[in-house]
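Numbering starts at 1 and runs along the sequence shown.
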Amino acid sequence: MGGLLDTLHGGMVHRRRVTVLSRHLAELMPERAEVLDVGCGDGLVGSLVSGRRRDVEVRGIDIAVRPDTHIPVDEFDGRSIPYGDDEVDVVMLVDVLHHADDPHVLLGEAARVARRAIVLKDVTPLGPLSESTLRFMDWVGNARHGVPLPYRFWSQDEWRHAFADLGLSVEAVRRRLGLYPPPANLLFEKRMHFIVRLRPPTGAREARRR
């Protein structure tokens, strides 16, 4: 069963998902940005983003560096981002926070490190059975890679409170992403997925000075 699910996920879902996702992310990137992809896995999404945006350079960090990666990747502990304050233009977090030991801490680290923006893709339960659907998707996509699966999916209110608490301002939001082909989109999409570009506190201060 696991092998069949892996085959279906890889052939029908993963390829489309990374292609569509990288397009959305590339369109939301500021110009001439140095991007740190936190929790990047094999770095494929980051590589596709930089392929679409030649003015963007992407490097990554992850709790376990895979043998073959599409971008340069360093190891980190999953909590503290090993960069100084305002050291990178953009921090990118793609389906990472719901795997974190403490998502609020890791998002706070992103806010500390990012000078211009945080580009965040994640999920939120919406409607009946959505929590079970997200758990299933998470298991299929990540269990075979040894990714931690705490199934910690924030509600919309929890996302809003976290942004406010960390002084993050929402600059752009996308919800109709089209990540999954029909008929899988009827079950796995349902606007549970979102991408948001956030302005960190430092970015807000720089904007006011200008």
Side-chain angles (χ1 to χ4, degrees), residues 14 17-18 21 24-25 28 35-46 49 58-66 69 71-88 90-115 117-126 130-170 173 177 179 188 192-202:
H14 181 68
R17 180 182 177 278
V18 297
L21 183 55
H24 285 295
L25 295 168
L28 290 172
V35 179
L36 179 64
D37 187 356
V38 176
C40 63
D42 65 2
L44 177 58
V45 171
V49 169
V58 184
R59 60 188 184 274
I61 56 175
D62 204 287
I63 59 172
V65 179
R66 301 183 191 181
T69 60
I71 58 174
V73 181
D74 293 316
E75 191 171 353
F76 86 122
D77 63 7
R79 291 178 62 90
S80 301
I81 297 177
Y83 286 80
D85 296 357
D86 311 327
E87 190 172 344
V88 299
V90 179
V91 172
M92 185 166 74
L93 295 153
V94 179
D95 288 323
V96 169
L97 290 182
H98 63 261
H99 295 291
D101 289 337
D102 190 328
H104 194 280
V105 167
L106 187 55
L107 184 57
E109 279 287 278
R112 177 184 65 80
V113 170
R115 181 168 53 247
I118 297 170
V119 177
L120 165 70
K121 190 275 169 187
D122 221 291
V123 295
T124 190
L126 288 174
S130 59
E131 180 93 17
S132 298
T133 301
L134 291 173
R135 284 171 174 261
F136 174 75
M137 292 165 59
D138 218 12
W139 178 78
V140 171
N142 295 293
R144 66 189 185 279
H145 298 301
V147 176
L149 297 172
Y151 302 121
R152 188 179 293 110
F153 305 115
W154 279 353
S155 67
Q156 292 186 86
D157 282 343
E158 286 175 308
W159 282 112
R160 283 192 287 264
H161 291 157
F163 296 162
D165 186 54
L166 295 169
L168 300 169
S169 305
V170 177
V173 180
L177 304 182
L179 299 176
F188 298 131
M192 295 183 293
H193 302 260
F194 66 91
I195 300 175
V196 60
R197 188 177 70 202
L198 304 164
R199 177 183 292 174
T202 297

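Among all heavy-atom pairs drawn from Ala114 and Asp86, the shortest one is O-OD1, 3.9 Å. Here the closest non-hydrogen pair linking Arg112 and Gly84 is NH1-C, 3.5 Å. Annotation for Ala117 and Arg197: closest pair CB-CG, 4.0 Å, computed over non-hydrogen atoms. Heavy-atom minimum distance, Val96 versus Gly39: CG2-O, 3.6 Å. Residues Gly46 and Met92 share a closest heavy-atom pair of CA-CE, 4.1 Å. Residues Leu168 and Pro201 share a closest heavy-atom pair of CD2-CD, 4.0 Å.
Note: Ile61 CD1 to Ile81 CD1 = 5.0 Å, rounded to the nearest 0.5 Å. With rounding to the nearest 0.5 angstrom, the OG atom of Ser155 is 8.0 Å from the NE2 atom of His161. To the nearest 0.5 angstrom, Arg59 atom CZ is 11.5 Å from Cys40 atom SG. Taking CG of Leu36 as the reference point, atom CG of Asp74 lies at 9.0 Å (rounded to 0.5 Å). Note: Glu109 CD to Arg79 CZ = 9.0 Å, rounded to the nearest 0.5 Å. Between Leu166 atom CG and Leu198 atom CG the span is 9.5 Å, to the nearest 0.5 Å.
Ring geometry for His98 against Phe153 counts as tilted: the plane angle lies between 30° and 60°, on a 0 to 90° scale.
Glu75 places none of its side-chain heavy atoms less than 4.5 Å from the side chain of Asp77. Taking the side chain as every heavy atom from C-beta outward, Ile195 and Leu177 approach each other to under 4.5 Å. For the pair Trp159 and Leu97, the minimum side-chain heavy-atom distance is below 4.5 Å. Contact annotation: the side chain of Phe194 never approaches that of Leu126 to less than 4.5 Å [non-hydrogen atoms, C-beta and beyond]. Inter-residue side-chain proximity for Phe163 and Val196 is flagged as met; some heavy-atom pair is nearer than 4.5 Å. For the pair Asp95 and Arg17, the minimum side-chain heavy-atom distance is below 4.5 Å.
Side-chain atoms of Thr124 come within 3.5 Å of backbone atoms of Gln156 as a donor-acceptor pair (strictly under, hydrogens ignored).
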Next item on the list: Evaluate the side chain to side chain contact (heavy atoms under 4.5 Å, CB included) criterion for residues Val35 and Val49: first the C-alpha distance (whole Å), next the side-chain angles of each, then the deciding distance (0.1 Å), finally the verdict.
Entry: CA-CA 10 Å; Val35 179; Val49 169; over 6 Å; no
Margin query: Would Leu28 and Lys121 count as a side chain to side chain contact (heavy atoms under 4.5 Å, CB included) here? Give the steps.
Written below: CA-CA 11 Å; Leu28 290 172; Lys121 190 275 169 187; over 6 Å; no
Next item on the list: Would you please test Leu107 and Leu93 for side chain to side chain contact (heavy atoms under 4.5 Å, CB included) and show each step?
Entry: CA-CA 9 Å; Leu107 184 57; Leu93 295 153; 4.2 Å; yes
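Residue pairs meeting the salt bridge (charged side-chain N to carboxylate O under 4.0 Å, His left out) criterion with at least one member in residues 156-169, sequence neighbours excluded, are Asp157-Arg160.
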